Amino acid sequence: MQIALLSDIHGNARALKAVLKDIRDKNIRHVYILGDLCYRGPEPKNTLETIRSIPAKVLKGNADEWIVRGIQKGEAPEHLLPLMRQEREWALERLTSDDIHYLENLPESFYEKFTDHVTMHAFHATPRSLFETVLSSASDEELEQLVTNSDANVIAYGHIHTPFIRKVNGRTFINTGSVGLPFDGDPRPSYALLTIEEQSVTASIERVSYDISKVVRQYEANDYPNSDQMKSILQNGRQPS
C-alpha cells in the first residue's frame, strides 16, 4: 500500500493540481491532506473545490480555523495582524457559506491502523494544538512529545512548511512540507510518500515542478492584499523574515 500525505496548500491551486497529477501518475490511491487549505493564496475557491472533488481524508489546520473564526491576538505577530486580517477578508469574499461550514467541521487528527505493525497518527501542528510549532531542527525529545498514541509508529504533521523524515526510537516522524508555500529554500511543492508493508513502512519526500510564474501573476491580477510578500515566498521558497 502507498499513501500520499500533503499539507499547507494555502490557496495555491496550481501547485495542488501538479501534486495530484504526480500522485495519479504514481498510481497512489490513498491521499491524506493535513490542513491549511485556502488562506493566503490567489485561488481559495478553486483550491477547495479541487480538494472536495477527490477521495482524500482531510484535516483542519490553523489557517482553516482562521478562515472560520478570524485571527486572534497571540496567534500571529501583533504588527502583522491588520494585514493578515485583510488577507482573510479577501479569501472570505471568494468562499461560500458551505465552504466555511466544510472547513469548520473538518477533524483535527487521524489515527489509522494500516496493518498489525503499522499505525499512523496524523495532525496539522501538534496533537494538542493547531498553532504550536515543532521545527525540523527539534531534538529527539521534542519530537517524542508529539507521541500521544503509544502504539502509533508513524507520526505525520504539516504546519512548518519544511519537509523532513526522521527515525527516533523505532518511530518514523514525518513532516510533509508545503504544497503551496515551501519554506526550505526549494520552491517546488513537496509531499510525503509512505510505502507500507505488513511489518514495515518506508517514507520519502517527493518534489513536483510547476509554473510558479503563473501563480505570481495571479497574485498581481487578483489585487491580493499582501502580494509582494507572498510572491517573494513563492519564488524563493523562504519564510518571510
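All values reported here derive from a predicted model rather than from experimental measurement.
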Taking side chain as C-beta onward, heavy atoms only, is [X] less than 4.5 Å from [Y]?
X      : Y      : result
Thr126 : Phe131 : no
Tyr210 : Val208 : no
Gln229 : Arg40  : yes
Asp186 : Arg207 : yes
Ile54  : Leu20  : yes
Asn169 : Asp140 : no
Leu5   : Tyr191 : no
Phe164 : Leu143 : yes

*Could you grab the distance from atom CZ of Phe114 to atom CD1 of Ile196, nearest 0.5 Å is fine?*
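Atom-to-atom, Phe114:CZ and Ile196:CD1 are 4.5 Å apart.
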_Tyr157 OH to Leu59 CG distance, which is reported to the nearest 0.5 Å_ =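 Between atom OH of Tyr157 and atom CG of Leu59 there are 15.0 Å.
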*Identify which one of Ile155, Ile165, Val134 satisfies the side chain to side chain contact (heavy atoms under 4.5 Å, CB included) criterion when paired with Phe173.*
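Among the candidates, only Ile155 passes.
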*Can you establish whether the number of heavy atoms outside Lys167 located under 6.0 Å from its atom NZ is more than 12?*
yes
*Does the pair Asp211 and Arg14 meet the rule for a salt bridge (charged side-chain N to carboxylate O under 4.0 Å, His left out), with working shown?*
CA-CA 8 Å; Asp211 192 342; Arg14 288 183 181 273; over 6 Å; no
May I ask you to decide whether [X] forms a salt bridge with [Y], counting only side-chain N to carboxylate O separations under 4.0 Å?
X      : Y      : value
Arg94  : Glu43  : no
Glu220 : Lys231 : yes
Asp99  : Arg52  : yes

*Hey, mind stepping through Ile174 and Leu194 against side chain to side chain contact (heavy atoms under 4.5 Å, CB included) and telling me if it holds?*
CA-CA 10 Å; Ile174 299 167; Leu194 271 61; 3.5 Å; yes
Any side-chain donor near an acceptor of the partner, [X] and [Y], under 3.5 Å:
X      : Y      : result
His124 : Asn62  : yes
Lys60  : Asn105 : no
Asp151 : Tyr111 : yes

*Strictly under 6.0 Å, is that where the ring centroids of Tyr32 and His30 end up?*
no
*Any chance you could lay out the side chain to side chain donor-acceptor pair (under 3.5 Å) test for Glu49 and Thr47, step after step, and finish with the verdict?*
CA-CA 6 Å; Glu49 287 179 343; Thr47 300; over 6 Å; no
*Would you call the rings of His161 and Phe183 parallel, tilted or perpendicular if under 30° counts as parallel and over 60° as perpendicular?*
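Rings of His161 and Phe183: parallel, as their planes differ by under 30°.
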*Verify, without hydrogens or angle tests, whether Thr50 (side chain) and Asn46 (backbone) share a donor-acceptor contact under 3.5 angstrom.*
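Between the backbone of Asn46 and the side chain of Thr50 there is a qualifying donor-acceptor contact (under 3.5 Å).
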*Kindly indicate, with the supporting measurements, whether the criterion salt bridge (charged side-chain N to carboxylate O under 4.0 Å, His left out) is fulfilled by Glu75 and Arg69.*
CA-CA 12 Å; Glu75 293 176 349; Arg69 52 84 161 150; 2.7 Å; yes
